[in-house]
Amino acid sequence: MTKRNILITGGAGFIGSHVVRLFVNKYPSYLIVNLDKLTYAGNLENLKDVENKSNYHFAKGDILDVEFLYEVFKKHDIDGVIHLAAESHVDRSLHNPVEFASTNIIGTLNLLSAAQASWHSNYQGKVFYHISTDEVYGSAEHGIFFTEQTPIDPRSPYSASKASSDHFVNAYNNSYGLPTLISRCSNNYGPYHFPEKLIPLMINNILNSKSLPVYGKGENVRDWLFVEDHARAIDAIFHGGTSGQVYNIGGNNEWRNIDLVNFLCHTMDHKLGREEGTSARLITYVKDRPGHDLRYAIDASKLISETGWRPQVSFEVGLEMTVEWYLANQEWLRHVTSGEYLQYYAKMYQSS
Ligand code: NAD
Ligand code: TYD
């Protein structure tokens, strides 16, 4: 197998940790350098099982620190980048859009410029892969699916910052010939998901018999994909994607929030040996998120036809595995929900 030195940014976060784990285990001849600032969302506990592997290296640092990025490229002779580091939560972006612009746009630009400068326009065997989101397409009408041709129409500070970073990636491809890939995935769920996002927040609250805050009427629709399926898609695109192209990734698995929360309540009542209906009684409708996108729905046929990737984990199986993981890892949950999380929760859910 060829030797490659791959920089994965944001590898201590939710999706990044699954990508790091997959690459470290599947490609022993690669060096995987995980660059992460370890914000509230980054946690080295997510990578305990790979931290001592000889083909894994952790570099703590900030994608806003250009000098540091240049050093990392040089020191490890990086020839591939998989860029996941970002501020990722829509609700936080509504409170602090500048931080999102800074990390997601300027951070990506720094990384692009470090790759360009370090590779000296010798792009043979190089690739810069940017992990984006389906949210850049905006909200999908009933019956419509986002394709790679769907015009960009971001509607939250988070999605606006991600869309902007996508444009810079395309600009580096077009203007400087940098070999780039972009993928846009739907909502992920699974182990190590920070409990500010819908599914882990509800699991945590059900465990603690706290109210379950459903925004608005709970009618918003999301297309859910098990995180390991996303990691496998990233592997397929990194190794088989065509430079300059965008690939949509999705599970073809749409759920209204309220139906998903009810299904989760049912699953957890069963797992916890609680009477059916106990958890659903905790559901509380709260003030809607401002500008809340109604529906995301992905058409992943390009990825499927070009690489053969398909989701391997059904939602029923994936959700059950996820619940079991959280029940078995309550220590992890306790660690990440102490300190700053408590202040965040108090601020965001004042009225619930
Ligand atoms: P996350 O918030 O769990 O992790 C983000 C990681 O980036 C953390 O480890 C954090 O410490 C790190 N980070 C943040 N700012 C940094 C900085 N300035 N320098 C270095 N590291 C920094 O996010 P996630 O859910 O794992 O998402 C990863 C990527 O996938 C993001 O780019 C996101 O936009 C994209 N994405 C997420 C989803 C989803 O459902 N979660 C869906 C599609 C795309
Ligand atoms: P989230 O997990 O934040 O992902 P995104 O906004 O990126 O899709 O939210 C998923 C859906 O769940 C979204 O429609 C907002 C809704 N939601 C709630 O109803 N209550 C909550 O407490 C949270 C965090 C989200």
Side-chain angles (χ1 to χ4, degrees), residues 8-20 34-44 46-47 59-65 68-69 82-94 99-100 102-104 106-108 110-111 130-136 139 156 158-159 161-162 165-166 183-190 192-202 204-205 211-225 227 230-231 234 248-250 255-258 260-261 283-289 292-296 298 336 345 348-349 352:
I8 299 183
T9 69
F14 165 48
I15 301 169
S17 63
H18 288 276
V19 177
V20 167
N34 170 18
L35 186 162
D36 200 296
K37 184 183 171 186
L38 301 181
T39 67
Y40 78 93
N43 186 352
L44 290 178
N46 300 358
L47 289 165
K60 185 172 186 305
D62 193 333
I63 54 171
L64 292 176
D65 180 350
F68 172 71
L69 297 180
I82 305 178
H83 174 40
L84 297 108
E87 288 294 337
S88 68
H89 189 38
V90 173
D91 293 325
R92 285 185 189 253
S93 81
L94 294 163
E99 188 180 16
F100 278 66
S102 175
T103 300
N104 297 358
I106 306 298
T108 301
N110 286 345
L111 209 52
H130 175 62
I131 307 301
S132 187
T133 167
D134 63 352
E135 301 191 27
V136 301
S139 190
S156 75
Y158 164 65
S159 53
S161 67
K162 292 295 291 188
S165 60
D166 288 15
S183 61
R184 298 179 177 143
C185 190
S186 62
N187 287 59
N188 285 213
Y189 70 97
Y192 303 108
H193 204 182
F194 193 79
E196 65 185 354
K197 306 274 171 70
L198 180 71
I199 291 180
L201 183 135
M202 294 296 170
N204 188 32
N205 285 14
S211 70
L212 307 179
V214 172
Y215 297 164
K217 294 184 182 156
E219 288 173 347
N220 303 68
V221 173
R222 297 292 183 265
D223 170 3
W224 293 94
L225 181 71
V227 63
H230 188 188
I234 289 173
N248 284 351
I249 311 171
W255 285 76
R256 287 195 318 159
N257 291 341
I258 188 61
L260 192 162
V261 172
I283 292 174
T284 313
Y285 291 95
V286 300
K287 193 164 159 281
D288 207 355
R289 172 188 282 171
H292 196 171
D293 287 339
L294 183 60
R295 175 171 171 264
Y296 302 139
I298 276 280
V336 301
Y345 195 90
M348 295 302 293
Y349 296 94
S352 60

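Whatever order the structure lists ligands and atoms in, that order sets their numbers, starting from 1. Starting from 1, each residue takes its place in the sequence as its number. FYI, side chains are in, hydrogens and waters are out, and symmetry mates aren't considered; it's all heavy atoms of this structure. Please read all numbers here as calculations on a predicted model, not as lab measurements.
- With ligand atoms numbered from 1 in the order given, ligand 2 contributes 14 (O) to contacts under 4.0 Å with heavy atoms of N220.
- The closest protein non-hydrogen atom to atom 7 (O) of ligand 2 is E135 OE2, 2.6 Å.
- T9 and A85 get closest at one heavy-atom pair: OG1-N, 3.0 Å.
- Under 4.0 angstrom from ligand 1, there are no non-hydrogen atoms of N104.
- S88 OG, 3.3 Å is the protein heavy atom nearest to atom 23 (O) of ligand 1.
- Heavy atoms only, all atoms of each residue included: L198 and N257 are closest at CD2-OD1, 3.9 Å.
- Of all protein heavy atoms, the one lying nearest to atom 2 (O) of ligand 2 is L198 N, 2.9 Å.
- Counted by atom type alone, Y189 and R222 present zero donor-acceptor pairs between their side chains at under 3.5 Å.
- For the ligand labelled ligand 1, residue S102 lies outside the 4.0 Å heavy-atom shell.
- Considering both main-chain and side-chain atoms, T103 never comes within under 3.5 Å of ligand 1 through any nitrogen or oxygen pair.
- Looking at ligand 1, you won't find any N or O of L64 less than 3.5 Å from one of its N or O atoms.
- With a 4.0 Å heavy-atom cut-off, ligand 2 is reached by no atom of Y158.
- The protein non-hydrogen atom at the shortest distance from atom 33 (C) of ligand 1 is Y158 OH, 3.4 Å.
- Heavy-atom separations between S132 and ligand 1 include at least one value shorter than 4.0 Å.
- Nearest protein heavy-atom contact of atom 20 (N) of ligand 2 is P213 O, 2.7 Å.
- At the top of the distance list for atom 13 (C) of ligand 2, counting protein heavy atoms only, stands H292 NE2, 3.4 Å.
- The residue H83 has no part lying near ligand 1, judged by heavy-atom distances below 4.0 Å.
- Side-chain contact between F68 and L35: present, with at least one pair of heavy atoms (C-beta onward) separated by less than 4.5 Å.
- Annotation for ligand 2: atoms under 4.0 Å from non-hydrogen atoms of V90 are 6 (O), 7 (O).
- Contact between A12 and ligand 1 is present, with at least one heavy atom of the residue lying under 4.0 Å from the ligand.
- Heavy-atom contacts of Y296 reach the following atoms of ligand 2: 8 (O) (cutoff under 4.0 Å).
- Of the protein's non-hydrogen atoms, the one nearest atom 25 (C) of ligand 2 is Y215 CE1, 3.6 Å.
- For N205 and Y345, the side-chain atoms include at least one donor-acceptor pair closer than 3.5 Å.
- Interface atoms of ligand 2 facing V214, defined by a heavy-atom separation under 4.0 Å, are 19 (O).
- For ligand 1, none of its N or O atoms has an N or O atom of C185 under 3.5 Å away.
- Each of the following atoms of ligand 1 lies closer than 4.0 Å to a heavy atom of S186: 42 (C), 43 (C).
- To the nearest 0.5 Å, atoms CG (N46) and CZ (F194) are separated by 10.5 Å.
- Only the side chain of H89 comes within contact range of ligand 2, with a heavy atom under 4.0 Å; no backbone atom does.
- We find the CD1-NE2 distance between I8 and H83 to be 13.0 Å, quoted to the nearest 0.5 Å.
- Ranking protein heavy atoms by distance to atom 32 (O) of ligand 1, first place goes to K162 NZ, 2.6 Å.
- Residue-ligand proximity, G42 to ligand 1, at heavy-atom distances under 4.0 Å covers atoms 8 (C), 9 (O), 11 (O).
- T108 and H130 share no side-chain donor-acceptor pair at under 3.5 Å.
- Rounding to the nearest 0.5 Å places CD of E196 at 4.5 Å from CZ of R92.
- Close approach of ligand 1 to F14 (heavy-atom distance below 4.0 Å) involves ligand atoms 3 (O), 25 (O), 26 (O).
- Atom 31 (C) of ligand 1 has as its closest protein heavy atom L84 O, 3.2 Å.
- With a heavy-atom cut-off of 4.0 Å, L201 touches ligand 2 through its side chain alone.
- Taking every heavy atom of D62 and a limit of under 4.0 angstrom, the matching atoms of ligand 1 come to 17 (C), 18 (N), 19 (N).
- What sits closest to atom 22 (O) of ligand 2 on the protein, heavy atoms only, is Y349 OH, 2.7 Å.
- At a threshold of 4.5 Å between non-hydrogen side-chain atoms, the residues I131 and C185 do not count as touching.
- Among protein heavy atoms, atom 8 (O) of ligand 2 sits closest to R222 NE, 2.7 Å.
- Contact between N187 and ligand 1 is present, with at least one heavy atom of the residue lying under 4.0 Å from the ligand.
- Listed by number with element, the atoms of ligand 2 under 4.0 Å from a non-hydrogen atom of E196 are 24 (C).
- Atom numbering of ligand 2 starts at 1 in the shown order; those under 4.0 Å from a heavy atom of N187 are 4 (O), 5 (P), 8 (O).
- Below 3.5 Å of separation, one finds no N or O of A85 facing any N or O of ligand 1.
- Residue contact annotation: M348 has no non-hydrogen atom under 4.0 Å from ligand 2.
- Residue I15 has at least one heavy-atom neighbour below 4.0 Å for each of these atoms of ligand 1: 25 (O), 26 (O), 27 (O), 30 (O), 36 (N), 37 (C), 38 (C), 39 (C), 41 (N).
- Atoms of ligand 1 found under 4.0 Å from any heavy atom of T39 (numbered from 1 in listed order, with element): 10 (C), 11 (O), 14 (C), 15 (N).
- Annotation: atom 3 (O) of ligand 2 to nearest protein heavy atom, R289 NH2, 3.1 Å.
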